[in-house]
Structure formats: C-alpha cells, structure tokens
There are 2 protein chains.
Amino acid sequence: MENLAEKKKAILESTLALVKVNGFHGTPMSMVAKKAGVAAGTIYHYFESKDSLIFELYSYLKQQAIQVVRESQKPDATYQERFFALWFAFYTYYTSNPSVLCFFEQFVNSPYAEKAKSIPSELDELLHAFFEEGINSGQLRPVAPQILSMLAHGNAISLAKVYGIGKLNLATADLELVVQILWDGMSQKTSEINS
Amino acid sequence: MENLAEKKKAILESTLALVKVNGFHGTPMSMVAKKAGVAAGTIYHYFESKDSLIFELYSYLKQQAIQVVRESQKPDATYQERFFALWFAFYTYYTSNPSVLCFFEQFVNSPYAEKAKSIPSELDELLHAFFEEGINSGQLRPVAPQILSMLAHGNAISLAKVYGIGKLNLATADLELVVQILWDGMSQKTSEINS
DNA sequence: CTGTCTTAATTGAATGTTCATTCGGGAGCA
DNA sequence: TGCTCCCGAATGAACATTCAATTAAGACAG
C-alpha cells in the first residue's frame, strides 16, 4: 500500500496534474496514459475504470493530507501552538500543491462526492478529535467540532486560493494575522471578553 | 437583460439543476434540452456553444448574488449590523439554492474560471468596498480587503456546506455564534484587547 | 380582415468526433 | 506452462453541433 508500483503512482500523479489544467472532464484516459508514459490499456490493469481512478486518487491524496497534518503536531506544544501549526500545515500543503487543492475542490463539489460520503473519513475524525480537545479544555468556544473543523479548514483553503490567484503578495505577517483572526474568533477567551 | 426570454431562462435553470445532480460533465445538451422542454437545436439559437451556456449561467447567477447582497444592506444600520446581514444573506442564498453553491464551486475550480478571470467582477468590487469601509472606519483589522472578503465569503460557504451535508442540525443560535466568531476575529476591538 | 411576404423561432434527425473501454497478443519470469 | 505486466489498435457508445425543413409572428398593402 505504501510503496505503490511506479507505474500506478505515475498514473495517479499524471491524472492530478491534468485535472488541474483540463478539468475533470477534458482529461481523456489517452492523455493520462501519454503523460504517465504508459499505454492506455495499462491504466486498466491498475484501475477498474476512469471513475475508480478518480476515487483512488482522492483517497491517495487524502492519505497524504493526513500525513501532513500528523507531522505538523508536536505533542509537547501548547494547544494554541498546535492550532497554528495545523493551520499552517494545511495552508502550506495547498499552496505548494495547487493541483491538489484544485482536485479536492472539484471532487467534493461533484456527484462523485455523494458516493464517497458513506466512507468514514480518517481526516475528518482526526480534525474532529483535535477540536473536541480544544473545547473540552476550555480553550475553544463550545461549538460543534464539525463546524469548527470546517471553519478552520475552509479558512486555510480560502487563503490558499487568494495566494493562488496571485494578485496579492502574501507576506508571512499577513498569514500570521489571518490565523490570529481565526484563533481570536474561535477562542473562548475572546468570547468572555467581548460579552 | 432583465426579462430574458422564457425559453432562455428555462435552459439556464435546467442546466443549473442538472449540473448539481450529474456534474458539469455528465450533463449532455440533449438532457438540458429535454428538461427545458425544447429541442436540442433550440439551445443553439440562444447560446453559441455549451461553453458559452456555462459562462452565461455563471454571470446570470452572479448577477443574482449581487442582487441578494444589495438587498441585505440597510443604509441606516450600523456597520456591524450590515456585516451580519451580509453574512446571513450569503448563507441563506446558498442554503436555499444548493445548486447555485454547487455550480459556483465547480465553476471556480475548473479551467473555465481561468477564462472568466479577466472580466472584472462587480461582486468582488462590492465586497471590496464594504470591507474597505470597515477598515477605514477603524472597525476591522487592517488586512487587505480582498483577504477579509474572501474569509467572510468562504466562511459563509463553509457553513452552508455543513448545512448541505445535513448530518448536523444548525439552529439559529449556531449561526449567530459562527458569524460572531467571524466578527470577533476580524474586529479591531478584539485585536486591541488581545494584544 | 385577408392574403402575401419577411424574418425569427423551433425542430429533431444526421454528422462527425471524441473517448472510455476491450482484447488479442507479446515480453519477461518462475 | 502459467502468470503478471504491458501494449496500442479496434470497437462502439455518447455527445456537441449542424442544418434543411417547419411553424409562428409580425408587417404592410389592398
């Protein structure tokens, strides 16, 4: 599972790159094959169909994202530090892999997502637990963890998209400020002061 | 412009509905025609191609969104009140028109968006001005309006998606709290207290 | 009001292309 | 001999788009 056959990996990566440029549609198997340096038929040795290729790419990337999140967490850091690290992990992952962001966004807003919804997502559970911890330890406002998780993740995605547009220069200071905004909004401390 | 021919409108609305269910691809012209109650050829009387149908649908919906934003703004309300109203306008628009949200998200993450990027967006300008006002009047933190706008809009979208998943019951109180989180994070007041 | 002419709207079968998928076979290996 | 991996031409279905033909809608003269 970890060490995917070279060919299979090449097919996945090619698909990813092509979907960013040509879209979900507009990416024929023949093109994937060419880019991956294999014959069209070979793809069907590794994947049942185009659909299942898309699905596998999705879980392949999601696994990667989980890895990124995991690596960002230092167990001896404070909760707030881990919160910031989590946000930056997402932001960095998406900005340095724009095709991943693009693919995810296309996927979750397509009918494919419906079919994948049933599968419980390890990433969601991970985030859920993280935000639950923040609430239980009294550092985050008592909102459903699912909501907090969506807001934080969505926030990082939003900013990654701003970066992607490229019209704006995002200095590190800007990023810090945006996470700060997010943290300030979600933190219990702010809630108490403002009320 | 306002009173589009019935047929044309029917074609646009049918496309919207079908894209939500079948995706951007997976929605052949023949299907659009059938749903709209016209012949395939008729579509080409109103639209140059499938692509231009998609583009026109995009600006048609964007115009609608602008309308929604405009109507949410009462000139005699305080800035914070207008901020909340803006957020709720987006949230309500997206939750009561899930196919619009779905279409927008598919569109902006597809290669189509690249081609539409050049056109200056009235909606963006509107939001830009709104957030600039908040910054200039010292109520919002001094961050690029483009960023604030993206964060606020993205936040509303994130929550609309949570709603769309349907796993969670979102009471009005939850919504209030989420906007509050957003406002608290972006407001200058919070910034001063926390520093 | 009626008939004639003009233009716009509409149709849906026919066209040609694109593309996912198949399959018969070849190469390397045990 | 059997097995896995791989090839790429061939197949057939799906689809965007075209177009010749049909109908509706005005416009204007008598």
Side-chain angles (χ1 to χ4, degrees), chain A residues 1-60 103 106-107 110-116, chain B residues 1-60 103 106-107 110-116:
Chain A
M1 182 74 68
E2 289 309 310
N3 201 358
L4 289 165
E6 279 309 304
K7 289 269 168 71
K8 186 165 184 179
K9 199 167 171 181
I11 293 168
L12 288 171
E13 301 283 358
S14 302
T15 306
L16 177 62
L18 288 169
V19 164
K20 155 127 182 126
V21 181
N22 307 302
F24 228 33
H25 37 320
T27 308
M29 295 298 255
S30 55
M31 201 184 280
V32 173
K34 196 171 158 195
K35 175 133 191 164
V38 302
T42 305
I43 299 180
Y44 290 85
H45 179 69
Y46 293 101
F47 304 93
E48 201 155 313
S49 63
K50 189 176 186 181
D51 274 13
S52 79
L53 165 59
I54 301 288
F55 276 110
E56 280 206 40
L57 177 53
Y58 179 64
S59 42
Y60 169 72
F103 178 83
Q106 296 230 171
F107 187 92
S110 78
Y112 284 123
E114 289 298 314
K115 293 165 201 159
Chain B
M1 182 75 67
E2 289 309 311
N3 200 358
L4 288 165
E6 278 310 305
K7 289 270 168 70
K8 186 165 184 180
K9 199 166 170 181
I11 294 168
L12 288 171
E13 301 284 358
S14 302
T15 307
L16 176 62
L18 289 169
V19 163
K20 155 125 182 126
V21 181
N22 308 302
F24 228 35
H25 36 318
T27 308
M29 294 299 253
S30 55
M31 202 184 279
V32 173
K34 196 171 158 196
K35 175 133 188 163
V38 302
T42 306
I43 299 179
Y44 290 86
H45 179 70
Y46 293 101
F47 304 93
E48 201 156 311
S49 63
K50 188 176 186 181
D51 274 13
S52 79
L53 166 59
I54 301 287
F55 276 110
E56 281 206 40
L57 179 53
Y58 179 64
S59 42
Y60 170 72
F103 178 82
Q106 297 229 170
F107 186 92
S110 79
Y112 284 123
E114 289 297 314
K115 293 165 201 159

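So that the names make sense, note that chain A is the first sequence line, chain B the second, and so on, each numbered from 1. The structure displayed is predicted, hence computed values, not measured ones.
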Please give, in whole Å, the distance from [N] [atom2] to [X] [atom1]?
X: B:His25; N: C:dA20; atom1: NE2; atom2: C1'; result: 14 Å
X: B:Lys7; N: C:dA8; atom1: NZ; atom2: C1'; result: 12 Å
X: A:Met31; N: C:dA20; atom1: CE; atom2: P; result: 9 Å
X: A:Phe24; N: C:dA20; atom1: CZ; atom2: C1'; result: 15 Å
X: B:Ile43; N: C:dG12; atom1: CD1; atom2: P; result: 12 Å
X: A:Glu6; N: D:dC5; atom1: CD; atom2: P; result: 14 Å

Under 3.5 Å, side chain of B:Thr42 to main-chain N/O of B:Val38, donor-acceptor pair present?
no

Side chain of B:Thr27, backbone of B:His25: donor and acceptor closer than 3.5 Å?
yes

Neighbour count >12 (heavy atoms, 6.0 Å) for atom NZ, A:Lys115
yes

Under 4.0 Å protein heavy-atom contact, by nucleotide of nucleotides 10-22 of chain D - B base, S sugar-phosphate only
-----SSBB----

Looking at B:His45, I'd like to know whether one of its side-chain N or O atoms comes within less than 4.0 Å of OP1 or OP2 on C:dT10.
no

With side chains defined as the heavy atoms from C-beta onward, is the minimum distance between B:Phe24 and A:Gln106 less than 4.5 Å?
no

State, to 0.1 Å, how close B:Leu57 and B:Leu16 come at their nearest heavy-atom pair, and which atoms those are.
CD2-N, 3.8 Å

Could you go through B:Tyr58 and B:Tyr112, starting from their C-alpha distance and side-chain angles, then the distance that decides it, and tell me whether this counts as ring pair (Phe, Tyr, Trp, His ring centres under 6.0 Å)?
CA-CA 10 Å; B:Tyr58 179 64; B:Tyr112 284 123; 9.6 Å; no

Within the structure shown, what part of the strands sits under 4.0 Å from B:Tyr46 by heavy-atom distance: base, sugar-phosphate, or nothing?
sugar-phosphate

